[in-house]
Novice: 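Dropping a structure here in structure tokens format, bear with me for questions.
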Amino acid sequence: MKIMSWNVNSVRVRHDRLLALLDRHAPDVLCLQELKTEDKGFPFEAVRAAGYHAVTLGQKTYNGVALLSRTEPAEVLRGLDDGVEDPQARLISARYGDTRVVCVYVPNGGEMGSEKWAYKQAWYARLIAWLSRNASSRDALALCGDFNVSFDDRDLKDPAAWVDGVLYHPDARALLKGVVDWGLVDTFRQHQSEGGHYSWWDYRAGAWQKNDGLRIDFILATQALAARCTAAGIDIAERKPPKKSPDGKDDNPSDHAPIWAEFGDAAG
DNA sequence: ATGGTTGCTTAGCAA
């Protein structure tokens, strides 16, 4: 089973790239974040024609998440569903066979001390509560998406430049640790211990050209699932800006690269 | 350089 996750940064602008990604990787499940459209703007027909089921939690302008899959999803859950008044579409989950997949777009957090930072802190706490309500760390579960936090110095080109910000402040790292401590393993680090592997490069200031990136997208697995993880990686080629085409038609990449993890079949 | 770029929605916000 190959699980992928991609912050697509507008599913409408990335329509052709999405179909190409499905063709290139043939994932069993693809988690998408930042659809930036309501459900009616999602390309259901094209995805179905490519051989995928799709369940979505869209939102106008911002956020929005989806799960694409070869097999039919079961037990689809939308939103944090905790009684908190919150219009932001940031979580969708479904079960595929024995494995529950959770797709999240964690809030960025703006600046430390801001209202957005408070929302990010609260959202992490609500996510852990959601996990405890809807799953067990003994189950096969993959929590995938854009977590807007890096784990450690290996995950950033320039840790000093980010340590006071919402993506890498010690208080931000503590939020991510809280999720991992619920009972999850970073599948990428099961297979790669070196630094210099990133999943997001700011569009601004030539970050891609300087490889000034951060690894903030993860596929986190419970021990039951992580034990079957045979490989994991990042498709950085998808992030590479293409040569300007002669007709001037934009074919920009998302600012995030897709990430993936492969899992063997469950024993017995 | 309080900068830079992209997307949604149309001048300002979010990332």
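As the structure is a prediction and not an experimental result, all values here were calculated from the model. Lettering follows sequence order; numbering is per chain, from 1.
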Novice: Measure from CD on A:Gln88 to C1' on B:dA15 and round the result to the nearest Å.
Specialist: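 The answer, rounded to whole Å, is 13 Å.
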Novice: When the distance from CG of A:Asp146 to C1' of B:dA14 is rounded to whole Å, what number comes out?
Specialist: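 Interatomic distance, CG of A:Asp146 to C1' of B:dA14: 13 Å.
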Novice: Given atom CZ of A:Arg239 and atom C1' of B:dA15, what is their separation to the nearest angstrom?
Specialist: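 Going from CZ in A:Arg239 over to C1' in B:dA15 covers 12 Å.
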Novice: Suppose you measure atom P in B:dA11 against the same atom in B:dA1; what distance do you get, rounded to whole Å?
Specialist: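 That atom pair is separated by 32 Å.
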Novice: Cut-off 3.5 Å, side chains only: do A:Asp155 and A:Tyr168 have a donor facing an acceptor?
Specialist: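 Side-chain D/A pair, A:Asp155 to A:Tyr168: absent.
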Novice: Take the angle between the ring planes of A:Phe147 and A:Phe218 and call it parallel below 30°, perpendicular above 60°, tilted in between.
Specialist: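 Rings of A:Phe147 and A:Phe218: tilted, 30 to 60°.
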Novice: Among all residues two or more places apart in sequence or in another chain, which pass the salt bridge (Lys or Arg N to Asp or Glu O under 4.0 Å) test with A:Asp82?
Specialist: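 For A:Asp82, the residues satisfying salt bridge (Lys or Arg N to Asp or Glu O under 4.0 Å) (neighbours in sequence not counted) are A:Arg126.
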Novice: Treat primed atoms plus P, OP1 and OP2 as sugar-phosphate and everything else as base, then score nucleotides 1-11 of chain B 5' to 3': B for base contact with protein heavy atoms under 4.0 Å, S for sugar-phosphate contact only, - for none.
Specialist: ---BBSSSS--
Novice: Scan for side chain to side chain donor-acceptor pair (under 3.5 Å) pairs involving residues 223-232 of chain A, sequence neighbours excluded, and state none if there are none.
Specialist: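 Residue pairs with at least one partner in residues 223-232 of chain A: A:Asp98-A:Arg228.
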Novice: Expressed as a whole number of Å, how far does the C1' atom of B:dT9 sit from that of B:dC13?
Specialist: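 Pairwise C1' distance, B:dT9 against B:dC13, rounds to 10 Å.
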Novice: Under 3.5 Å, is there a donor-acceptor pair linking the side chains of A:Lys36 and A:Asn9?
Specialist: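 Short answer, yes.
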Novice: Using atom CD of A:Glu34 as one end and atom P of B:dA15 as the other, report the distance to the nearest whole Å.
Specialist: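 Interatomic distance, CD of A:Glu34 to P of B:dA15: 7 Å.
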Novice: Of all residues at least two apart in sequence or in a different chain, which pass the side-chain hydrogen bond (donor to acceptor under 3.5 Å, both in side chains) check with A:Trp182?
Specialist: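 For A:Trp182 the side-chain hydrogen bond (donor to acceptor under 3.5 Å, both in side chains) partners, ignoring immediate neighbours, are A:Ser132.
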Novice: Pairing donors with acceptors under 3.5 angstrom, does anything connect the side chains of A:Ser5 and A:Asp217?
Specialist: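 No donor-acceptor contact under 3.5 Å links the two side chains.
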Novice: Between B:dG3 and B:dG12, how far apart are the two P atoms, rounded to whole Å?
Specialist: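 Straight-line distance between the two P atoms is 15 Å.
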Novice: Would you list the pairs meeting salt bridge (charged side-chain N to carboxylate O under 4.0 Å, His left out) in which at least one residue belongs to residues 143-153 of chain A, sequence neighbours left out?
Specialist: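 Non-adjacent pairs meeting salt bridge (charged side-chain N to carboxylate O under 4.0 Å, His left out): A:Asp152-A:Arg154.
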Novice: Tell me the interatomic distance from A:Lys120, atom NZ, to B:dA14, atom C1', rounded to whole angstroms.
Specialist: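 The distance from NZ of A:Lys120 to C1' of B:dA14 comes to 14 Å, rounded to the nearest Å.
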Novice: Heavy-atom contacts under 4.0 Å between residues 162-169 of chain A and DNA chain B, which residues?
Specialist: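 Of all residues in residues 162-169 of chain A, none places a heavy atom under 4.0 Å from DNA chain B.
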Novice: Can you tell me if A:Asp255 and A:Trp200 form a side-chain donor-acceptor pair at under 3.5 Å?
Specialist: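 A:Asp255 vs A:Trp200: donor-acceptor pair found between side chains.
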